Amino acid sequence: MGYYLSSSHLLIGLPQISINMPVHLLSDGAGPPRQVPSHLSRIPITLINTSVDCTDRTVQGRVVHKGPLVPTAADSFILKAVVTEESEQIVGSINVILQGTLAQDFSQSVHQGDVVAASGFTVGKSPTRLRDKLHPFNLQLSGDHACVFVSREVPPHPPHPRSLAVVRRASAASTEVSRVTKVPKYMYVRLKDLKPGTVVNVYGVVVFFKQPFRTRGTDFCSSLKITDQSNQSVFCTIFCEKLEDHPKIFQIGDIIRLHRVKTQFFNDSIMLVNTFGFSVVTFDGGEGGPVEPRTSCQKFHFDETDGSTVEELRAWAAGQVKMPPSPLMRLSAVQPTNYFDLTCQLLAKASIDSTCTLLRVWDGSRCAHTLLKVNISPDIIEGPPSFSARKEELIANILVYDNHVEFTRQLKPGDFLRLYNLRAIPGSQKVPGLPSSQPAELHHLSFHLHGGTAYGRGLRILPENSSDVQELKRVLDLFEDDELNNSYLMDTWSTTPESSAGAEAAGGLELLDDRHPEQLSEVRRAGPGGVHHVRVQLRSYEPQKLHQLLKLYCSKCSSMQDVPDEELVENLFSQASRSPVPCDPPPWALSGMARLPPGPLKRTLSIHMSKQLVSEGKTTQLIFIMGSSLEEAIQLTSGYQNVVPVMSSGGHMTLLDLSAPFLFRGRKRFYGCRNCSDVVIKEPWGNGVELINEKTIAEAFGIQLMQFVFLMKFKLQDATDSLDVFLFRDAELFFGVTAEDAAANQEAQSRVCRMVESICPPEDSTGERPWLHLCLVSYSREDDFGQNQTCYQICHSAIASSSPDLQAPFHPPF
DNA sequence: GTTTAGGGTTGG
């Protein structure tokens with residue numbers, strides 16, 4: 001079936017379904033969206049870039065990730081999704097950013113797994129491309145022309161006849177629309193109103209649960225206890241043969257909806273057991289978060305009343321003091337004898353014997369106590385046998401016993417896990433499988449997942465899209481970043497402050513996540529390895545000269561350097577042209593003199609072009625120039641797509657010193673890393689290379705391409721403390737501008753400058769200093785003296801300005 | 001047309 005979503009809620013003259021949602025059913029159908037208007041032609045995701053005209057084009061693919069609906073300033077919304085297109089071994093994935101009512105509609109009506117077609121989009125640089133390794137560009141959908149067509153897989157069976165299903169059965173033979181009229185809704189019984197011997201539907205907040213465990217019968221069993229606004233708590237037992245049919249409960253406070261459970265008496269109280277036609281859906285219990293149903297069921301009823309029921313239960317539970325506290329702990333907080341739940345990533349595992357498996361996990365924080373070391377022969381370890389000394393310090397060895405061993409067999413290194421009711425045990429322990437000559441050391445803390453299911457003991461894999469995993473990944477990613485070992489981030493900032501121009505606009509900062517803010521003093525107390533949401537003002541920032549916040553960064557050796565200024569580059573060019581040593585042109589080159597458009601030549605300027613490219617008529621693709629000034633090289637970019645300045649060295653053609661750009665493309669300049677490049681000029685178009693750009697040229701010349709990055713230091717303050725934080729990893733997201741654009745383009749630079757001034761108006765201006773909602777991640781790094789120091793970075797936060805000036809989409813003028 | 005379990009920690 002298809003929907004038409006549009007930010008202006010356009011109906012295009014087709015029947016409307018009576019679902020009370022701002023979504024319009026066009027026609028029934030399965031497979032690829034076939035109701036897409038015929039004037040739209042499809043463009044493969046892999047071909048998307050900013051120089052392709054995307055008017056009347058569609059991008060089609062499957063929604064493999066759907067992010068939360070995030071409120072922004074000015075009462076709007078933003079939602080991010082990832083769409084994947086698979087065809088003939090080519091797989092392309094691209095980030096899709098939806099705004100406004102389109103984001104709301106998408107959030108409500110589109111599920112992960114749906115096939116969508118998007119049109120009316122604009123193409124932008126993806127600020128997360130370095131991190132998510134997805135497409136270098138993204139699709140931006142907002143405004144009246146943007147729309148999304150949705151198609152959903154045909155469910156294997158017709159839905160329950162009484163259900164007002166979001167997903168209706170599609171008939172391949174017919175495109176007739178089945179209208180839904182006056183469908184009876186599900187009735188939900190309050191828990192205190194349950195009567196024995198009835199089959200009911202209920203909603204509740206989970207106050208206790210066990211992950212499914214194997215019974216002596218044919219099924220797995222989930223045990224849980226739920227409560228609701230009637231203040232009654234009721235025990236439930238769910239029997240299902242398949243694990244995927246069991247409730248997906250991640251933590252206490254989750255919301256659960258049970259359909260077709262029967263009531264029965266046991267021990268003088270009423271309880272619930274699943275019965276025929278049973279189905280279950282769960283939701284995160286966090287107030288303000290997106291209402292995303294968790295189910296493996298393809299077809300399930302979900303409408304706007306479900307959304308509000310979940311919200312009501314969340315709000316009610318948030319005000320209940322009797323709700324059990326969460327046993328979740330970071331490793332850094334764990335004390336001897338604690339029982340606790342742990343969210344972590346599995347790094348390696350080893351089967352010790354039939355009753356015990358070792359899981360090596362981390363959560364990015366460091367336990368305050370010395371941890372048990374388990375020496376396991378490398379040949380029984382699945383995953384890396386060892387890690388860097390720095391990382392090993394964060395790894396917890398967890399011994400999993402008895403009934404839980406079976407579940408660990410399906411785990412793979414890299415999985416995100418939640419372990420329930422772990423025990424931290426101090427002192428000497430007999431570890432099974434270890435020779436008695438190697439007893440666990442005294443006073444070392446060991447972690448055990450004991451046998452049995454008491455207190456919900458167990459473990460489960462958490463899906464990557466869950467918010468807890470997303471948060472954990474941000475912490476872990478930071479640790480993995482080698483750049484954080486780079487002392488650059490710790491260098492003293494030598495910039496002298498200078499007064500900037502008056503602030504033009506008062507901006508606001510919007511966190512792409514809605515949490516209760518913490519105070520800076522709490523953040524400081526918490527130490528490294530955490531994610532914090534704060535409400536702060538920006539007291540000052542460094543550097544104050546904007547061009548200095550752009551750096552060149554090598555992802556291979558993690559070195560960072562300033563972008564060379566114009567004078568330095570000019571000098572390198574004039575040095576290279578001062579010694580006109582003759583040079584044998586390479587055998588593949590045609591050589592001659594350049595005509596510089598416009599204006600006369602100031603001196604001899606020799607040029608080299610590829611014979612092959614010239615023979616193919618591609619005369620403007622690539623030019624090598626020798627003896628030119630910087631200015632002349634820049635002029636040549638108007639006539640040639642790739643301009644490579646070269647010089648003669650030992651009779652051979654070579655590049656200028658790598659402090660200079662090795663390539664000019666339009667306004668963009670590309671630099672190579674001095675440490676990691678091994679320059680040999682070869683034909684970049686060999687081996688069937690069709691495209692000539694900075695990547696293919698760098699590869700052919702043995703150059704390690706450097707990236708433009710932003711790096712700033714902010715001093716944040718609130719009523720309790722002040723804190724120095726870096727803006728680095730998520731800086732492009734923060735500014736909504738890529739560093740590469742800012743490097744090539746004055747307009748982008750001034751945009752960033754205005755944004756910084758809007759959140760930190762100069763002292764002498766009348767502008768008020770806005771309060772900013774920011775997400776901070778804390779991590780530990782070693783300083784030059786071997787001391788661990790806690791650092792902070794702004795993550796996952798973006799400027800959402802109310803100023804029209806800043807809000808206008810940015811289009812590079814070329 | 002319904003067996004299984006029916007929360008509650010000491011254990012390597």
Side-chain angles (χ1 to χ4, degrees), chain A residues 194 196-199 204-227 233-243 245-247 249 251-252 254 256 260-278 324-325 327 329 334-342 350-359 372 374 376 397-405 408 419-436 438-440 444-459:
Chain A
L194 292 173
T198 56
V199 174
V205 183
V206 175
V207 290
F208 169 79
F209 67 101
K210 287 182 179 184
Q211 294 301 332
F213 55 93
R214 200 180 277 289
T215 64
R216 282 189 251 269
T218 57
D219 295 337
F220 285 92
C221 174
S222 289
S223 278
L224 52 140
K225 197 187 224 172
I226 59 174
T227 185
S233 62
V234 173
F235 194 82
C236 314
T237 302
I238 309 294
F239 294 108
C240 290
E241 205 167 351
K242 292 184 194 151
L243 279 174
D245 295 334
H246 279 262
I249 305 172
Q251 62 183 331
I252 285 171
D254 282 353
I256 191 166
R260 293 170 217 101
V261 282
K262 63 183 178 189
T263 54
Q264 55 184 230
F265 257 110
F266 178 75
N267 276 350
D268 294 334
S269 51
I270 211 155
M271 60 161 298
L272 295 165
V273 185
N274 59 316
T275 184
F276 304 106
F278 160 77
M329 282 179 136
V334 172
Q335 298 301 325
T337 75
N338 281 166
Y339 287 101
F340 64 101
D341 292 356
L342 180 69
S351 172
I352 288 176
D353 61 33
S354 64
T355 67
C356 182
T357 300
L358 170 71
L359 301 182
L372 170 77
V374 184
I376 294 290
N397 292 307
I398 295 178
L399 295 161
V400 176
Y401 293 98
D402 304 338
N403 53 318
H404 310 299
V405 166
T408 63
L419 301 158
Y420 299 94
N421 197 237
L422 278 180
R423 182 90 203 270
I425 301 180
S428 182
Q429 292 289 319
K430 166 90 180 79
V431 176
L434 291 184
S436 49
Q438 188 224 323
H444 284 197
L445 208 51
S446 58
F447 298 114
H448 301 248
L449 186 68
H450 290 302
T453 64
Y455 282 89
R457 206 172 269 170
L459 68 163

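Every chain is numbered from 1 and lettered A, B, ... according to where its sequence line falls, protein lines coming before strand lines. Any value given below was found using the heavy atoms of this structure, including those in side chains, with hydrogens, waters and symmetry copies removed. Computed from a prediction, not measured in an experiment: that's the story for all the values here.
At a cut-off of 3.5 angstrom, counting only N and O atoms as typed in the model, there is no donor on one side facing an acceptor on the other between the side-chain of A:H448 and the base of B:dG12. No hydrogens or angles were tested; on distance alone, nothing pairs the side chain of A:R423 with the base of B:dT9 as donor and acceptor under 3.5 Å. Not a single donor-acceptor contact under 3.5 angstrom links the side-chain atoms of A:K210 to the base of B:dG7.
The one candidate from A:I256, A:V206, A:L272, A:V261 that meets the side-chain contact (heavy atoms from CB on, under 4.5 Å) condition with A:C236 is A:L272.
For A:R216, counting side-chain heavy atoms from C-beta on, the closest listed nucleotide (B:dA5, B:dG6, B:dG11) is B:dA5. Candidate nucleotides B:dG8, B:dT4, B:dG12 were compared by shortest atom distance to the side chain of A:D219, and B:dT4 ranks first. Of the candidate nucleotides B:dT9, B:dG11, B:dA5, B:dG11 has the atom lying nearest to any side-chain atom of A:H450. Listed candidates were B:dA5, B:dT4, B:dT9. Nearest to the side chain of A:R457 is B:dT9. Between B:dT3, B:dT10, B:dG7, one nucleotide has an atom nearer to the side chain of A:F208 than all others, and that is B:dG7. Checked against B:dG8, B:dT9, B:dA5, the side chain of A:T215 finds its nearest nucleotide in B:dA5.
Taken to the nearest 0.5 Å, the CG atom of A:N338 stands 11.5 Å off from the CD1 atom of A:I425. How far CD1 of A:I249 is from CD of A:Q211: 7.0 Å, rounded to the nearest 0.5 Å. For the atom pair CZ (A:F213) and NE2 (A:H404), the distance works out to 11.0 Å, reported to the nearest 0.5 Å. Between the OG atom in A:S446 and the CG atom in A:L422 there is a gap of 11.0 Å [rounded to 0.5 Å].
Between the P atom of B:dT4 and the NE2 atom of A:H246 lies a distance of 16 Å, rounded to the nearest Å. One atom, OH of A:Y401, and another, P of B:dT9, lie 19 Å apart when rounded to the nearest Å. Going from atom NZ of A:K262 over to atom P of B:dT4 covers 12 Å, rounded to whole Å. Summarising the geometry, the separation between CE on A:M271 and P on B:dG7 is reported as 9 Å, rounded to the nearest angstrom. Rounded to an integer number of Å, the gap from A:N338 CG to B:dT10 P is 17 Å. Nucleotide B:dT3 holds its P atom 11 Å from the CD atom of A:Q264, rounded to whole Å. A:Q211 has its CD atom 18 Å from the P atom of B:dA5, to the nearest Å. Rounded to a whole Å, the CD atom of A:E241 is 14 Å from the P atom of B:dT3.
Judged by closest nucleotide on DNA chain B, A:Y455 is the one of A:Y455 and A:D402 placed further toward the 5' end. Residues A:R214 and A:T275 both approach DNA chain B. Their nearest nucleotides, taken by heavy-atom distance, put A:T275 toward the 5′ side.
A:G451 comes within contact range of at least one nucleobase, with a heavy-atom separation under 4.0 Å. Residue contacts for A:N267: at a heavy-atom cut-off of 4.0 Å it reaches no nucleic acid atom on any strand shown. A:F209 comes within contact range of no nucleotide atom at all, as no heavy-atom separation falls under 4.0 Å.
Here, B:dG6 and B:dT10 have their P atoms 15 Å apart, quoted to the whole Å. Remark: the separation of the P atoms in B:dA5 and B:dG1 is 24 Å, to the nearest Å.
Seen from the ring of A:Y339, A:R423 counts as a face-on cation partner, given the 6.0 Å and 45° thresholds.
Here A:F239 does not pack flat against the base of B:dT3, since the 5.5 angstrom centre distance and 30 degree tilt limits are not both met.
Base orientation of B:dG7: anti, the glycosidic angle falling outside 90° of 0.
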